Amino acid sequence: MTASQNPSALAGAVLTIDLDALRENYRCLKARLRGAACAAVVKADGYGLGAAVVASALREEGCRSFFVAHAAEGVSLRRALGDGPEIYVLNGIYPGAEDDCAEAGLTAVANSAAQLAAWRDAAQRLGRRLPVAVQVDSGMSRLGMSAAEVEAVGPDAFDGLDLRLVMSHLACADEADNAVNEMQRKAFDAARSKLPEAPASLANSSGIFLGDAFHYDLARPGAALYGVNPTPGQDNPMRQVVRLEAQVIQTRDLETGIGVGYGHSFRTGAPLRAATIAIGYADGWPRRASAAAWYGGRKLPFAGRVSMDSIVLDVSSLDADELAPGDLVELIGDHQTIDDLAELSGTIGYEILTGIGHRFHRRYRGDGASAVPQGNI
Ligand SMILES: *Cc1c(COP(=O)(O)O)cnc(C)c1O
């Protein structure tokens with residue numbers, strides 16, 4: 001098969017990823033950190049934007065540490081980046097995956113005494129030193145060693161291992177006034193004092209905005225790099241990285257009193273011009289979002305329910321010849337950000353980002369984009 005002549009026409013929708021904005025977001029976070037280093041969290045395929053592309057662009061900005069969730073993500077990221085950058089596996093190494101992870105040069109995040117012991121055993125079995133991070137549970141009760149487990153870590157627990165990082169994760173970092181943040185910081189310090197000396201890491205995107213005391217040696221932003229607001233309730237300090245556009249399939253004129261879409265949940269109250277666009281909930285667009293599309297600065301509200309592969313818009317505000325099949329309307333961009341859409345659908349920007357994009361044509365823009373194969377990679 002030859003490469004498509006017009007991939008964006010084959011797909012219903014186009015996701016444009018601005019690598020310049022991504023890089024600028026990285027520089028902005030790094031500037032806030034002053035002395036501390038800045039990693040990048042690229043789990044879930046770089047929050048849906050393509051982990052290999054995102055990580056390669058950020059490496060050019062000087063990023064040396066990357067975090068993924070699953071070992072499989074780490075193995076494919078290592079293939080994309082080659083030797084050099086440190087790749088941490090946040091969920092730790094699942095039983096039986098130790099040899100593959102050692103081979104790929106991944107750094108295990110040990111979340112429990114059992115994970116730490118299995119990684120140490122692998123190091124001894126393979127006869128080589130393996131890099132490890134220890135995650136302690138400072139109060140989120142999700143992943144990490146409890147205070148009791150930390151207390152029980154014996155002097156030989158790190159035999160054959162190279163302790164690179166002691167880390168923990170904040171449960172309420174997006175609420176700057178929440179007392180849990182300070183409580184977790186103290187619990188983190190208490191746990192660190194019981195472990196061998198190593199660089200420390202606590203802050204995710206929002207954690208960076210809690211102040212210097214939360215920065216430690218390495219910050220681990222994900223969402224903010226991709227344009228999600230790390231300071232909810234205040235202006236978004238980050239640049240938008242993604243734009244989502246879907247193409248018009250057909251238009252029609254409807255009279256008053258006509259039902260539109262499943263369940264006829266919408267009925268025209270006046271003559272209405274409708275356009276059906278090629279995106280639906282199977283593309284990760286939230287079915288609950290009663291949002292709008294935008295065209296030429298004009299707002300085009302949804303009419304009726306979101307279908308699996310299509311959505312009907314009320315385009316009455318446009319002239320009849322203004323919008324034709326094949327034209328692209330904007331669904332995420334300056335008029336309607338990821339955070340706006342999250343608010344409209346009762347979720348968070350993270351879920352919107354990681355949900356979209358697997359069925360779209362992906363187009364990269366900005367410095368480094370020309371080296372990337374464009375498409376659904
Ligand atoms: C996902 C994750 C991050 C990144 O969080 P953001 O809020 O996206 O910045 C950092 N650390 C851990 C442990 C995570 O699971």
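The structure presented is a predicted model; accordingly, all values stated were derived computationally and were not measured. For ligands, and for the atoms within them, numbers begin at 1 and follow the listed sequence. Starting from 1, each residue takes its place in the sequence as its number.
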Q) Under a 4.0 Å heavy-atom cut-off, what residues line ligand 1? A) V41, K43, Y47, L90, R142, M167, H169, N204, S205, R220, P221, G222, A223, Y350

Side chains of residues 31-39: which donor-acceptor pairs under 3.5 Å do they make with residues two or more places apart or in other chains?
residue : atom : partner : partner atom : Å
R34     : NH2  : D212    : OD1          : 2.7
R34     : NH2  : D212    : OD2          : 3.1

Under 3.5 Å donor-acceptor pairs involving side-chain atoms of residues 343-350, not counting sequence neighbours:
residue : atom : partner : partner atom : Å
S345    : OG   : L341    : O            : 2.7
T347    : OG1  : E351    : OE1          : 2.3

Q) When I279 is tested against each of L331, V306, D309 for side chain to side chain contact (heavy atoms under 4.5 Å, CB included), which residue passes? A) L331

Q. Could you walk me through whether N229 and T231 pass the side chain to side chain donor-acceptor pair (under 3.5 Å) check?
A. CA-CA 5 Å; N229 188 357; T231 57; 2.9 Å; yes

Q) Can you name the nearest heavy-atom pair linking D159 to P155, along with the distance? A) OD1-O, 4.4 Å

Q. For R192, what residues pass the salt bridge (charged side-chain N to carboxylate O under 4.0 Å, His left out) criterion, not counting sequence neighbours?
A. D189

